[in-house]
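Just so it is clear: chains get the letters A, B, ... in the order the sequence lines come, proteins before strands, and each one is counted from 1. Note that the structure is a prediction, hence the values are computed from the model and not measured.
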Protein chains: 2
Amino acid sequence: MSDTRWLDDDQQRAWRSYLRMQTRLTAALNRQLQTDSGLSLADYEVLVYLTDAPDGRLRPYELQHALDWEQSRLSHHLSRMQRRGLVERQDCPEDRRGAFVVLTPAGREAITNAAPGHVEAVRDLFFDALTPEQVAALRQVATQVLARLDPASE
Amino acid sequence: MSDTRWLDDDQQRAWRSYLRMQTRLTAALNRQLQTDSGLSLADYEVLVYLTDAPDGRLRPYELQHALDWEQSRLSHHLSRMQRRGLVERQDCPEDRRGAFVVLTPAGREAITNAAPGHVEAVRDLFFDALTPEQVAALRQVATQVLARLDPASE
DNA sequence: CCAACGTACATGATGCGTCATCTATTTCAA
DNA sequence: TTGAAATAGATGACGCATCATGTACGTTGG
């Protein structure tokens, strides 16, 4: 109840463009990964962090913070990846509540095979369409919006 | 097999920032809409287009092109919205394969109630974080990436 | 010491999105 | 005109994401 301040035409157009880019770009990247490697974007990100970890092994909560995912999303996702043989779960002796997620050889192979094509696609569809200045500007935009979303991030 | 050209550090950082903004921003907007109005972002977009149509009525394929959705996504989504009483389906006499989607009074009420809060959130989380120049730059970025994704768009 | 509280993780339900596939109708060309 | 192809739409299966909740273990203050 009150006079809502609507978006002006420029803002509307910018917003719609942004939404459309987002939808299409992630769809395209997902499709590329899926058809070329049988992985989803989410799989890919999980595997990246595991690959960079010592022994390909992390506590789920570490992964969760690195990915900025909800806890239950990660848990469900790890279950599916485990079912497909990409990761394993191990008990954690130091904290009996906890666990470890470990990259399996199949998981390591999957990310190794997937990475070149995915990077290629990101470059082709995104970076090659933009100037370095635009990339820098976009990064700045993202940073400011993130600060707005989560004032406590840093 | 060959020397993949990886992303440099700036590109990596920009890419991660972008992905994180995307995830968090849509999550925040979805949550706002959901808790304040019981609608999802997808519901909202469907209702917007229906509201702007004569008699609140469109052929599904028109809606599909306007939204830039896959056909089956729309069909499933309309089924869910129909189940909740937000829209109805009607037969189309001119093309017996086809149909109409019509806004119900409940649907019209839902979008009317939801719009101010949603616009407010978009403004607050997005536009208020950015300068007009940044908004223009982002729009340009989206346009270029979209052109890259779909050379035949226009 | 132990009760209260916090943390690590799992699970079931449900909505969302894609793919593959199916049906019905229209269109178009030989 | 008729058969092939294109178009409009629905549906089932399945992976993805969130919310609510549950369980087990650690931590801490009295």
Side-chain angles (χ1 to χ4, degrees), chain A residues 19 22-35 37-46 58-102, chain B residues 19 22-35 37-46 58-102:
Chain A
L19 287 183
Q22 170 180 328
T23 306
R24 303 262 247 163
L25 183 56
T26 60
L29 293 176
N30 246 315
R31 199 154 26 237
Q32 181 274 324
L33 260 181
Q34 190 64 53
T35 65
S37 322
L39 297 179
S40 67
L41 258 178
D43 297 332
Y44 186 88
E45 294 184 59
V46 168
L58 285 174
R59 297 287 301 271
Y61 77 91
E62 297 176 299
L63 209 42
Q64 180 193 337
H65 294 129
L67 291 161
D68 197 23
W69 281 10
E70 297 207 352
Q71 183 269 320
S72 106
R73 173 182 179 184
L74 179 62
S75 188
H76 282 299
H77 204 94
L78 290 177
S79 298
R80 288 188 296 261
M81 292 181 73
Q82 182 174 27
R83 182 148 34 86
R84 291 189 291 147
L86 298 171
V87 301
E88 269 179 10
R89 289 198 233 235
Q90 292 176 353
D91 286 345
C92 174
E94 295 88 40
D95 185 340
R96 312 265 310 265
R97 300 168 297 184
F100 280 110
V101 203
V102 198
Chain B
L19 288 183
Q22 169 180 328
T23 306
R24 303 262 248 165
L25 183 56
T26 60
L29 292 177
N30 246 315
R31 200 154 24 235
Q32 181 274 325
L33 260 180
Q34 191 63 53
T35 65
S37 321
L39 297 179
S40 66
L41 257 178
D43 297 332
Y44 186 89
E45 294 184 59
V46 168
L58 285 173
R59 298 286 301 273
Y61 77 90
E62 297 177 299
L63 208 43
Q64 181 193 336
H65 294 129
L67 290 162
D68 196 24
W69 282 9
E70 297 207 353
Q71 183 269 319
S72 106
R73 172 181 179 183
L74 179 62
S75 188
H76 282 299
H77 204 93
L78 289 176
S79 297
R80 289 188 294 261
M81 292 181 73
Q82 184 174 26
R83 184 149 31 88
R84 290 189 291 148
L86 298 171
V87 300
E88 270 179 10
R89 290 198 234 237
Q90 292 176 353
D91 286 346
C92 174
E94 296 88 41
D95 186 339
R96 313 262 308 265
R97 299 168 297 185
F100 281 110
V101 203
V102 199

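OP1 or OP2 of C:dC19 lies within a sub-4.0 Å distance of a side-chain N or O belonging to A:R31. A close approach under 4.0 Å does occur between a side-chain nitrogen or oxygen of B:R80 and OP1 or OP2 of C:dC16.
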TODO: Walk me through it: do B:V101 and B:M81 pass the test side chain to side chain contact (heavy atoms under 4.5 Å, CB included)?
DONE: CA-CA 10 Å; B:V101 203; B:M81 292 181 73; over 6 Å; no
Open item on the list: Working note: A:R89 + A:S79, criterion side chain to side chain contact (heavy atoms under 4.5 Å, CB included); need CA distance, chi angles, decisive distance, verdict.
Closed with: CA-CA 9 Å; A:R89 289 198 233 235; A:S79 298; 2.4 Å; yes
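Nearest heavy atom pair, residue A:A99 against residue A:P60, reads O-CD, 3.2 Å.
Under the 4.0 Å criterion applied to side-chain N and carboxylate O atoms, A:E45 and A:R73 are not assigned as salt-bridge partners.
One can place CG of B:D43 at 10 Å from C1' of C:dG15, the figure rounded to the nearest angstrom. Rounded to a whole Å, the CD atom of A:Q32 is 13 Å from the P atom of C:dC19. One can place CG of A:L39 at 17 Å from C1' of C:dT18, the figure rounded to the nearest angstrom. Rounded to an integer number of Å, the gap from B:L41 CG to C:dG15 P is 17 Å. Rounded to whole angstrom, the span from the NE2 atom of B:H77 across to the P atom of C:dT14 amounts to 18 Å.
For A:T23 and B:R83, each mapped to the nucleotide of DNA chain C holding its nearest heavy atom, the one lying further toward the 5' end belongs to B:R83.
Although no hydrogens or angles enter the test, the distance criterion places a donor-acceptor pair under 3.5 Å between the side chain of A:T35 and the main chain of A:R31. Between the side chain of A:S37 and the main chain of A:Q34, no donor-acceptor pair closer than 3.5 Å is present. Formation of a donor-acceptor pair under 3.5 Å by the A:N30 side chain with backbone atoms of A:A27 is not found in this model.
Extent of DNA chain D lying under 4.0 Å from chain A heavy atoms, first and last nucleotide in 5' to 3' order, is D:dG15 to D:dG26.
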All N/O contacts under 3.5 Å from nucleotides 9-13 of chain C to the protein, with atom names and distances to one decimal?
from: C:dC9; atom 1: OP1; to: A:R59; atom 2: NE; distance (Å): 3.3
from: C:dC9; atom 1: OP1; to: A:A99; atom 2: N; distance (Å): 3.1
from: C:dC9; atom 1: OP1; to: A:A99; atom 2: O; distance (Å): 3.4
from: C:dC9; atom 1: OP2; to: A:Y61; atom 2: N; distance (Å): 2.7
from: C:dA10; atom 1: OP1; to: A:R89; atom 2: NE; distance (Å): 3.3
from: C:dA10; atom 1: OP1; to: A:R89; atom 2: NH1; distance (Å): 2.7
from: C:dA10; atom 1: OP2; to: A:S75; atom 2: OG; distance (Å): 2.8
from: C:dA10; atom 1: OP2; to: A:R89; atom 2: NH1; distance (Å): 2.8
from: C:dA10; atom 1: N7; to: A:Q71; atom 2: NE2; distance (Å): 3.1
from: C:dA10; atom 1: N6; to: A:Q71; atom 2: OE1; distance (Å): 3.2
from: C:dG12; atom 1: O6; to: A:H76; atom 2: NE2; distance (Å): 2.5

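For the pair B:L39 and B:L86, the minimum side-chain heavy-atom distance is below 4.5 Å.
Using a 4.0 Å heavy-atom cutoff across all strands shown, A:N30 reaches no nucleic acid atom at all.
Checking C:dG15, C:dG17, C:dT26 against the side-chain heavy atoms of B:A42 singles out C:dG17 as nearest.
The number of heavy atoms from other shown groups lying within 6.0 Å of CZ (B:R96) does not exceed 12.
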